[in-house]
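Report on the structure given below.
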Amino acid sequence: MALLKRMSKRVVLLVLAFIMAFGAASCTTIMAITKEQGQGYLDADGNWIETKQQKDTRMAWWREARFGMFIHWGLYAVTAGEWKGKWQKNKYSEWIQIHFKIPVEEYEKLADKLNPVKFDAEEWVKLAKDAGMKYIVITSKHHDGFAMFGSKASRFNIVDATDFGRDPMKELAAACQKYGLKLCFYYSQSQDWHEPDAIGNFWDFPDGFEKKPGTKWRKWVRTDFEKYMARKAKPQVRELLTNYGPIGLIWYDTPMTITKSQATEFVNLVRELQPKCLINSRIYARGKDREVMGDYGSTGDNRIPGTRRVGDWEMPGTINDTWGYRRDDHNWKSSKKLIRNLINIASMGGNYLLNIGPKADGTIGQSSVDRLRAIGEWMKVNDESIYGTVNSPFDKLAWGRCTAKSNKLYFHVFDWPTDGKLEVPAIKNKIKKAYLLANKKNLKFAKSDDGKIILNVPEDAIDEAATVIVVEFKGELDL
Ligand code: FHN
């Protein structure tokens, strides 16, 4: 009897041990699966659940990239700033419809003139790649409401409304896959001047606003906005995330009066369909405490911050003054300025989203091409000092900027010293070596009494836009 009792105890213990071992094993399996997926999920209440590590994994390509191409292309490329012999006063060509209060019916006719037969997706993607850009954000639908992709949600789209009849986003998706760039879509979620229930078109559809006396039209709320969301905006975002393969990010813009719960619907649509896809912060911006609902922040257009910033951010910038193509805009930024913008932004931990506005025939103007090629020449030599770098450990330097990566500091010299000596800020670490990134030539250096590093540099700069000097140090950076 006693033996039986002892045996059954053993059996119970064995069973217990087995359960524990099996349980632990299955637990490990579950954990392993979650880890392997490496991505967050929407819980039953519509909350996005994600660990810091999962967010870091999702952001990794974007943080590595630092440089992307913005493309504003739509019906406004046909008008190119001019309507019935008059030039737009507002500098953005894509705002022509609102500027001249062009009735929807008349604006729709522009589709007859959009026939970009010279469009070559591979050429565009190669141009971006050669410039050193790692992602492309293209206007799939701007505020005028015209979709530059085939859409079942609205016939006001390039496939159904033009003789062209092709879907340029499909072609771009294939070209991006081929050349290893991330395809990303801009989508104007609130303003849609084609739609009576959306925000923006007060000249054709004056009714349906909740008018608040004394406020600007743009502050007015569309009472039926959710109808537009359900009929067009959400189905189109769904199409974009379903028909074009993996999408790097959705770039929402001008949230206007969108409510937090409406913005959440746009966010969750992305989370549900492509959990790895990123979302910019222009999805929502209301109230005193502008809450950032996206994955990273956008600065204002062409607004490079003055100081180092924390967190992930991106600066969208124009190459001339307009976003969409405009025939009379010749105010091109120089290549030197654009290269320095890229460096300046990277030195503060941001991404540069540099815009081009292709023409209605599908070509990209020579002035844009020349500038992108010049940036590409600089990047070919110096891209190591941009990709995957983090912001400078120092405040802005008088003669240039600094970016950092692992045990290297990249000093971008804008103003080359005339006395052959470049003084860089003090670090406590032992310095392994200093060299010119362009030719790997080592530079002699000494430490001044106050710990600053004095580099002996050649008489002339290698690149007028920016010559990069690498300082390699031992251990963790210690200032
Ligand atoms: O109104 C748009 C403008 O046309 C353009 O698309 C820029 C790009 O950042 N975003 C809005 C203005 O901030």
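Side chains included, hydrogens not; waters and symmetry mates left out as well; all remaining heavy atoms used. Just follow the structure's listing: the first ligand is 1, and inside any ligand the first atom is 1. None of these values were measured; they are calculated from a predicted model.
Using modelled atom types, one side-chain atom of Gln54 and one backbone atom of Thr51 make a donor-acceptor pair closer than 3.5 Å. The backbone N or O of Lys134 sits nowhere less than 3.5 Å from a side-chain atom of Tyr387 that would complete a donor-acceptor pair.
You'll find the ring centres of Trp124 and Tyr179 outside the 6.0 Å limit. Taking the six-membered ring for Trp, Phe414 and His412 have ring centres at least 6.0 Å apart.
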side-chain hydrogen bond (donor to acceptor under 3.5 Å, both in side chains) between Asp192 and His143, worked out
CA-CA 5 Å; Asp192 189 321; His143 309 331; over 6 Å; no
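Test Phe100, Phe146, Trp95, Tyr76 against Trp193 for ring pair (Phe, Tyr, Trp, His ring centres under 6.0 Å) and you get one pass: Trp95.
If you look at ligand 1, the protein residues with a non-hydrogen atom under 4.0 Å away are Phe70, His72, Glu94, Trp95, His142, His143, Tyr186, Trp251, Asp253, Thr254, Arg282, Asp301, Trp323.
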